[in-house]
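Below, each value reflects all heavy atoms present in this structure, side chains not excepted, and no hydrogens, waters or symmetry copies. As the structure is a computational prediction, the values presented were derived from the model and not from experiment.
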Amino acid sequence: MAALTMCLHVDLPSWLNSLMGKSTAEAPPLTPEDIVKVLQDRGWEAEIVKAASMPDIKPINPKGILKCVDGRGSDNTAMQGPKMPGGIYAIAHNRGTTSIDGLKAITKEVINAGHVPSVHGDTGGMLGCGFFRLWVTGEFDDMGYPRPEYDADQGKHAVEEAGGTIEMHHGSHTEQIVLINLVENKTFEPDENDQRFIVDGWAAGKFGLDVPKFLVGAAATVEMLNGPKKAKIVIP
């Protein structure tokens with residue numbers, strides 16, 4: 001993701017309380033309307049759209065990599081896997097898993113779940129993943145997320161050793177919108193000439209993540225990296 005130009009800390013409890021309309025312990029299931037409301041309250045443009053209106057939505061292919069939401073060009077063409085901030089780093093981040101052994105275990109978990117685990121860098125190195133850069137440098141500290149105990153290169157080697165894939169992006173960020181996809185086992189493919197951030201929200205549920213925290217983390221990442229505050233929530 002693009003070079004960091006600002007530091008924005010998000011009050012996670014306030015976000016969740018606003019998102020759910022009550023304390024997190026009593027929270028009902030998350031709805032698309034909840035997501036739209038919170039994004040709009042933060043100054044985003046957000047709307048709900050039906051999958052039928054999105055002709056490029058595609059079924060998940062087990063050979064596709066579980067990859068970052070990054071919309072830039074890639075050296076990998078297997079783009080029909082789930083998309084989460086930082087690839088499998090999103091799972092570690094959400095769970096508070098900070099060790100190398102924990103990252104390796106997540107890599108194997110993703111393989112066992114029928115996906116190809118990945119993390120990425122770009123032409124500038126492995127810190128070319130903006131999500132991981134924010135995490136390792138403490139930009140999520142105020143949200144209650146402990147930092148990883150490894151750097152970007154150590155994370156790369158751990159994922160490789162556990163059977164995962166390393167993706168390398170190229171080009172500049174020109175994303176114009178964030179797609180938050182709630183259609184289970186479906187995704188969108190990135191197009192470096194028509195860039196979008198693609199967040200497969202359903203995948204957070206598949207891996208037993210805290211879905212509101214996952215979506216807050218994704219939105220906060222876009223904001224901290226000066227991405228587009230415009231979203232479509234894709235539903236069945």
Side-chain angles (χ1 to χ4, degrees), residues 1-13 15-16 65-70 72 74 76 81-113 115-169 173 197 199-201 203-204 206-225 227:
M1 299 181 79
L4 187 64
T5 57
M6 64 178 290
C7 176
L8 173 65
H9 295 294
V10 178
D11 180 349
L12 182 57
W15 257 73
L16 291 177
I65 59 174
L66 190 158
K67 66 175 263 66
C68 186
V69 303
D70 195 313
R72 292 177 294 171
S74 172
N76 195 305
K83 293 158 188 75
M84 308 170 83
I88 68 166
Y89 284 140
I91 300 174
H93 179 261
N94 189 272
R95 293 176 179 172
T97 301
T98 60
S99 69
I100 281 287
D101 287 343
L103 183 62
K104 289 180 178 179
I106 288 170
T107 302
K108 293 175 182 177
E109 176 188 352
V110 170
I111 293 170
N112 291 335
H115 302 293
V116 180
S118 81
V119 296
H120 83 89
D122 64 14
T123 52
M126 290 307 296
L127 278 177
C129 176
F131 178 80
F132 184 80
R133 185 171 67 250
L134 292 171
W135 187 22
V136 77
T137 57
E139 296 301 320
F140 291 111
D141 285 2
D142 287 355
M143 295 172 66
Y145 291 102
R147 302 183 197 186
E149 300 166 12
Y150 47 86
D151 63 25
D153 290 324
Q154 290 168 331
K156 167 190 173 182
H157 295 314
V159 171
E160 287 179 316
E161 289 173 9
T165 294
I166 305 305
E167 178 191 20
M168 299 303 286
H169 284 286
H173 282 281
F197 289 122
V199 181
D200 285 318
K206 177 170 183 174
F207 288 98
L209 305 186
D210 183 318
V211 176
K213 284 179 65 177
F214 172 82
L215 294 175
V216 168
T221 301
V222 171
E223 292 176 350
M224 285 191 278
L225 297 176

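When every heavy atom of Val69 is checked against every heavy atom of Pro85, the shortest pair comes out as CG1-N, 3.5 Å. Heavy atoms only, all atoms of each residue included: Pro117 and Ile111 are closest at CD-CG1, 3.4 Å. Across every non-hydrogen atom of Ala158 and Ile100, the tightest pair is CB-CD1, 3.8 Å. Between Pro148 and Phe132, the closest heavy-atom pair is CG-CE1, 3.9 Å.
For the residue pair Thr98 / Glu149, a side-chain donor-acceptor distance below 3.5 Å is found, with atom types taken as modelled.
The residue from Thr107, Thr165, Val116 that alone fulfils the side chain to side chain contact (heavy atoms under 4.5 Å, CB included) condition with Ile88 is Thr107.
Distance check, rounded to the nearest 0.5 Å: CG of Leu209 to CZ of Arg95 gives 5.5 Å.
Every residue meeting the side-chain contact (heavy atoms from CB on, under 4.5 Å) condition with Ser74, not counting sequence neighbours, appears here in chain and number order: Asn76, Met79, Glu167, His169. Applying the side-chain contact (heavy atoms from CB on, under 4.5 Å) rule to Lys108 yields the partners Ala162; only residues at least two apart in sequence or on another chain are considered.
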- Please lay out, stage by stage, how Met84 and Phe214 fare under the test side-chain contact (heavy atoms from CB on, under 4.5 Å). CA-CA 9 Å; Met84 308 170 83; Phe214 172 82; 3.7 Å; yes
- Dump the intermediate steps for side-chain contact (heavy atoms from CB on, under 4.5 Å) on Phe140 and Thr221, then the final yes or no. CA-CA 9 Å; Phe140 291 111; Thr221 301; 3.4 Å; yes
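Distance alone, capped at 3.5 Å, places no donor-acceptor pair between the Trp135 side chain and the Asp141 backbone. A donor-acceptor distance shorter than 3.5 angstrom exists from the side chain of Ser118 to the backbone of Leu66, with no hydrogens or angles considered. At least one donor-acceptor pair closer than 3.5 Å links the side chain of Asn94 to the backbone N or O of Asp210.
Using a 4.5 Å heavy-atom cutoff, the side chains of Val216 and Met143 are in contact.
Aromatic ring pairs are classed by plane angle as parallel below 30°, tilted from 30° to 60° and perpendicular above 60°; the pair Phe207 and His115 is tilted.
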